[in-house]
Amino acid sequence: KKPRKNLTECILFLMIFTSSGAGYHSESKAKEYKHACKRACQRAVDRLRAGGLALEAVTAALIELEDSPFTNAGTGSNLNLSGEIECDASIMDGKSLNYGAVGALSGIKNPVLVARRLLSETQKGKLSAGRIPPCFLVGKGAEQWAISHGIPACPSEKMTTKFSLSGYKRNKRKMELAEQVEMKRKRQFCGHENDFGCLEPVGDIMVEGEENNSACLDTVGAVVVDREGNVAAAVSSGGLAMKHPGRVGQAAHYGCGCWAENARDVSLYSTAVSTSGSGEHLIRTMLARECSTAMQAENAHQALLEAMQNKFISSPFLAGEDCVLGGVIVLRCCTCGEAQRSEDIQALLVEFLWSHTTESMCVGYMSAQDSKARTHISRLPPGAVAGQSLAIEGGVCRLGTVSD
């Protein structure tokens with residue numbers, strides 16, 4: 001009988017997600033997104049090949065994505081109304097079910113590192129005098145905690161790129177114009193004609209985040225399963241362009257930005273989910289956890305389709321919204337039949353899917369047995385209306401086999 005192979009196959013599946021009214025990847029930007037995905041995949045897989053577990057790999061992927069100037073996370077994040085960067089991030093470990101998050105964090109280059117450290121600290125037990133360690137910190141307190149735990153500070157000006165700064169200046173001008181138009185409308189409504197005479201009808205003045213008048217919501221996320229079958233998920237975002245200072249989006253909220261949960265029984269699936277889109281929509285629907293729960297159904301594709309339609313687009317919690325913008329990447333896995341009999345937990349059947357209601361989304365995926373990552377720009381079907389329709393795609397792979 002031949003000896004078993006030393007199985008180290010693992011898979012990483014990650015995304016960069018753009019969502020807006022226009023919500024379209026220009027060809028030049030799509031190329032940059034794909035490159036960022038490939039680099040993040042490679043960074044995470046390198047960690048897995050070196051023996052790292054899912055939590056380490058997902059952190060490595062997010063650091064690479066946060067460092068890209070083309071994503072709305074970490075360096076290059078959208079600026080808020082005050083012209084400052086405030087980031088949100090969270091991470092969840094499927095094995096321990098621990099979670100760490102930061103919101104409205106300034107002055108730290110990689111917010112996911114702070115979220116990861118918070119998660120680690122919670123695993124050490126109570127603090128002095130029996131205090132419960134925090135798992136979610138915001139604002140100045142989060143920044144001070146990060147620095148006190150050895151995470152270096154980074155001046156906001158070093159995280160601001162020419163793209164984010166020019167976007168802020170354009171948006172500020174648009175907002176000032178919109179306010180002027182609104183004041184003129186109010187004067188007319190009150191019967192006070194002004195020197196401008198009667199105003200011609202004007203369209204909505206949209207805040208934008210990048211070229212082509214598309215709002216920049218390039219939240220980044222990743223989901224991973226490692227060689228031991230553990231899953232992990234993470235998400236990071238600079239939030240909405242021109243958001244109010246202190247606003248915290250779904251990327252930091254429990255059950256909204258990401259979710260990871262190892263199967264507690266051989267009849268169940270391990271699941272990992274990361275979301276992006278309109279933070280307020282994702283918070284009110286807790287979409288990450290909803291999708292994770294849905295993945296216990298027999299047909300993953302149908303289950304995700306129904307979850308996106310019933311728990312998001314048509315959710316009673318979003319009854320007043322006519323344009324619901326969001327998307328998810330989902331990974332679920334279970335041990336194969338041979339593995340259950342032989343106790344080889346590394347023989348995994350992995351399904352990975354993505355779905356979105358925005359016009360486009362960029363995804364990348366890679367396993368430890370692949371030489372390079374695959375990337376894809378997913379788009380809504382022709383004629384579909386963003387915010388009211390959805391796209392769904394995915395694949396299946398088997399990682400690890402039992403040698404006779």
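Keep in mind it's a predicted model, so treat the numbers as computed, not measured. Numbering of residues begins at 1 and proceeds along the displayed sequence.
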Enquirer: Would you mind reporting whether Lys158 and Cys154 have side-chain heavy atoms less than 4.5 Å apart?
Expert: yes
Enquirer: Can you confirm if the aromatic rings of Phe352 and Tyr365 lie within a centre distance of less than 6.0 Å?
Expert: yes
Enquirer: Are Pro111 and Glu66 close enough that some pair of their side-chain heavy atoms sits under 4.5 Å apart?
Expert: yes
Enquirer: Taking Lys184 first and then Glu179, would you say they form a salt bridge - that is, a charged N and a carboxylate O separated by under 4.0 Å?
Expert: no
Enquirer: Has Glu86 got a side-chain atom pairing as donor or acceptor with Gly246's backbone, closer than 3.5 angstrom?
Expert: yes
Enquirer: Tell me if a side-chain donor or acceptor on Asp370 pairs with a main-chain N or O of Lys372 at a distance below 3.5 Å.
Expert: no
Enquirer: Counting neighbours of CZ on Arg284 that are heavy atoms of other residues, nucleotides or ligands and sit closer than 6.0 Å, is the number greater than 12?
Expert: yes
Enquirer: Just by distance, no angles: are the side chains of Gln250 and His281 close enough, under 3.5 Å, to form a donor-acceptor pair?
Expert: no
Enquirer: Do the side chain of Asp226 and the main chain of Leu53 share a donor and acceptor less than 3.5 angstrom apart?
Expert: no
Enquirer: Treating Asn80 as the side-chain partner and Met242 as the backbone partner, does any N or O pair qualify as donor plus acceptor under 3.5 Å?
Expert: no
Enquirer: Please test Leu118 against Leu137 for side chain to side chain contact (heavy atoms under 4.5 Å, CB included), starting from the C-alpha separation and ending with a verdict.
Expert: CA-CA 9 Å; Leu118 280 164; Leu137 292 174; 3.8 Å; yes
Enquirer: May I ask you to check whether Thr161 and Ser164 show a side-chain donor-acceptor distance below 3.5 Å?
Expert: yes
Enquirer: Taking Asn262 for the side chain and Val231 for the main chain, is one N or O donor matched with an acceptor at less than 3.5 Å?
Expert: yes
Enquirer: Name the orientation class of the two ring planes belonging to Phe70 and Phe163 (parallel below 30°, tilted from 30 to 60°, perpendicular beyond 60°).
Expert: tilted
Enquirer: Are Glu121 and Lys124 ion-paired here, with the side-chain N under 4.0 Å from a carboxylate O?
Expert: yes
Enquirer: Are any side-chain N or O atoms of Thr357 and backbone N or O atoms of Ala386, one a donor and one an acceptor, separated by less than 3.5 Å?
Expert: no
Enquirer: Between His253 and Ser90, do the side chains contain an N or O donor and an N or O acceptor separated by less than 3.5 Å?
Expert: no
Enquirer: Whether the side chain of Lys95 engages the backbone of Ala54 through a donor-acceptor N/O pair (distance < 3.5 Å, no angle test) should be reported.
Expert: no
Enquirer: Are the side chain of Asp93 and the backbone of Leu97 linked by a donor-acceptor contact shorter than 3.5 Å?
Expert: no
Enquirer: Taking the side chain from Arg247 and the backbone from His244, do they hold a donor-acceptor pair closer than 3.5 Å?
Expert: no
Enquirer: Assess, by modelled atom type and distance only, whether the side chains of Arg116 and Ser120 contain a donor and an acceptor separated by less than 3.5 Å.
Expert: yes
Enquirer: Checking the side chain of Ser82 only, and the main-chain atoms of Glu84 only, is there a donor and an acceptor separated by less than 3.5 Å?
Expert: no
Enquirer: Does a side chain donor of either Thr271 or Glu261 reach within less than 3.5 Å of an acceptor in the other side chain?
Expert: no
Enquirer: Can you confirm whether more than 12 heavy atoms, excluding those of Lys311, are under 6.0 Å from its NZ atom?
Expert: no
Enquirer: For this output row, return yes or no: ring centroids of Tyr99 and Trp259 closer than 6.0 angstrom.
Expert: no
Enquirer: Under the side-chain contact (heavy atoms from CB on, under 4.5 Å) test against Leu282, which residue among Leu325, Thr275, Val235, Thr219 passes?
Expert: Thr275
Enquirer: Using only heavy-atom distances, determine whether the side chains of Glu306 and Gln302 contain a donor-acceptor pair under 3.5 Å.
Expert: yes
Enquirer: Under 3.5 Å, is there a donor on one side chain and an acceptor on the other for Ser96 and Gln123?
Expert: yes
